[in-house]
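Working notes, structure below.
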Amino acid sequence: MSVHYPIVIILAVLLTAGAVTAYVLLQRRRSAALTASGFGSLAGGGSRRAVIRRHLPYALLLAAFPILLVGLARPQADLKVPKVGGTVILAFDVSNSMKATDVNPSRLAAAQAAAADFVDGQPSGVDVGVLLFGDTALLTQAPTGDHDLAIAAINRAEAGGGTSLGQAILVSLGTITGKPVALPKDGQAPTTGRLGYFPSGTIVLFSDGQNTGGPDAEAASEVAAAAGVRIQTIGVGTAKGATVQVDGYQLGTALDASELTTVARTSGGAYHAAGDADAVDAVTRSIDLRLTTKKEQVELTGPFAGAALVFLTLGGLLGTRWHGRIV
């Protein structure tokens, strides 16, 4: 424990010593005066109960004095404070197909709006990171408790390129675990030995599901499941689809809900449609928030002041009840 004003501790010791000394001298003078007046029996120790009744109220008042002064010194201690924690990576598909306008005003804009609502609904203990992916995946905002930074990163997303759901999952998982993640070699099952287990980690993947290459998305989901990380997929677009212009060509694109459903279920998550008004709330409820502890420097002025108040109150009540006065 440390104190902000150590000089007050020194003052508390000196003043308390002076107050105790003054009380002892006062009791001796009282005893001498009673003896000189012929009331020597009253000056004696008396029964244990009588001694307690005579001194306890004043002892409580004297004890409150140094406790209050220590509180004024602003004591601080490193304590383990319980925190509700979790890590969420928002992975955004920024491929050319996300320019499609079958969702108003566009798939990407709809995903950004849904993600911003999602972030606004998270408690402060949840760290949110933002990852943009097309042919490759790029972490544009590391997980942070400052949700305004996450929303700013979401709003900077721009569409272009192809789609690799598998790469998005592996890079997101690497961000949560703090280790590079790759698919297991042929024939090997995913294990948690190297990555560890992160049940409070969640990947929320916004995409139209049109996978154009890269690592196998279902295999990447199996790796996430082995690490305890669930993937919640948000389907953006319609089954009817739309066309987008890429390099002068008109390309048809439609929502592939089947691919996104497979990815989510493989990891233990669920698929949600962005057009569903309850989708964002469903993802929010699905996050496994874990109660953890974190060392923080906590000021103890309040507890010390409260203890001093209790001693003062007890001393005053007992003094009034037993002696008809406080001091």
Side-chain angles (χ1 to χ4, degrees), residues 1-36 39 42-87 120 122-128 142-150 200 289-327:
M1 188 175 75
S2 61
V3 294
H4 196 70
Y5 301 114
I7 187 65
V8 179
I9 298 296
I10 299 174
L11 184 64
V13 172
L14 295 176
L15 291 179
T16 302
V20 172
T21 300
Y23 179 74
V24 171
L25 292 176
L26 180 64
Q27 292 301 313
R28 288 179 178 176
R29 285 166 54 185
R30 174 179 175 275
S31 297
L34 289 173
T35 300
F39 297 98
L42 295 178
S47 67
R48 177 178 296 181
R49 184 176 180 181
V51 172
I52 292 175
R53 288 170 65 95
R54 184 163 63 248
H55 296 294
L56 181 58
Y58 304 110
L60 291 171
L61 293 175
L62 286 173
F65 188 56
I67 294 174
L68 184 60
L69 287 177
V70 171
L72 292 176
R74 295 182 61 185
Q76 299 173 336
D78 289 331
L79 302 178
K80 288 186 176 181
V81 180
K83 295 284 185 181
V84 176
T87 300
D120 281 336
Q122 301 311 304
S124 59
V126 175
D127 291 335
V128 179
T144 175
D146 188 340
H147 294 169
D148 289 338
L149 292 178
S200 62
L289 296 181
R290 185 172 58 179
L291 189 64
T292 59
T293 59
K294 181 180 180 181
K295 273 195 173 183
E296 289 187 1
Q297 194 169 63
V298 179
E299 186 166 319
L300 303 177
T301 298
F304 274 92
L309 181 61
V310 170
F311 276 63
L312 286 171
T313 302
L314 287 175
L317 290 175
L318 292 178
T320 302
R321 181 178 177 83
W322 289 343
H323 308 302
R325 64 185 188 276
I326 296 178
V327 294

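Just the heavy atoms: all of them, side chains too, but no hydrogens, waters or symmetry mates, feed the values below.
- For the atom pair Arg74 CZ and Glu299 CD, the distance stands at 4.5 Å (nearest 0.5 Å).
- Put simply, CG on Leu62 and OG1 on Thr16 are 8.5 Å apart, with the number rounded to the nearest 0.5 Å.
- Between the CD atom in Gln76 and the OG1 atom in Thr301 there is a gap of 7.5 Å [rounded to 0.5 Å].
- The minimum heavy-atom distance between Ala308 and Ala64, with the atom names listed, is O-CB, 3.5 Å.
- Of all non-hydrogen atoms in Leu61 and Gly316, the two that sit nearest each other are CD2-N, 4.1 Å.
- Residues Val70 and Pro75 come closest through the heavy atom pair O-CD, 3.2 Å.
- Partners of Asp146 according to the side-chain contact (heavy atoms from CB on, under 4.5 Å) rule, which considers only residues two or more places apart in sequence or in another chain, are Thr144, Asp148, Leu149.
- Distance CZ/Phe65 to CG/Leu60: 15.5 Å, rounded to 0.5 Å.
- Between Val8 and Ala73, the shortest heavy-atom contact is CB-CB, 3.8 Å.
- Rounding to the nearest 0.5 angstrom, the gap separating the CG atom in Leu309 from the CD1 atom in Ile67 is 11.0 Å.
- Across all their heavy atoms, Gly145 and Asp127 have their closest contact at N-OD1, 3.2 Å.
- At least one side-chain heavy atom of Val126 sits under 4.5 Å from a side-chain heavy atom of Pro123.
- Counting heavy-atom neighbours within 6.0 Å of Phe304 CZ, excluding the residue itself, gives a total above 12.
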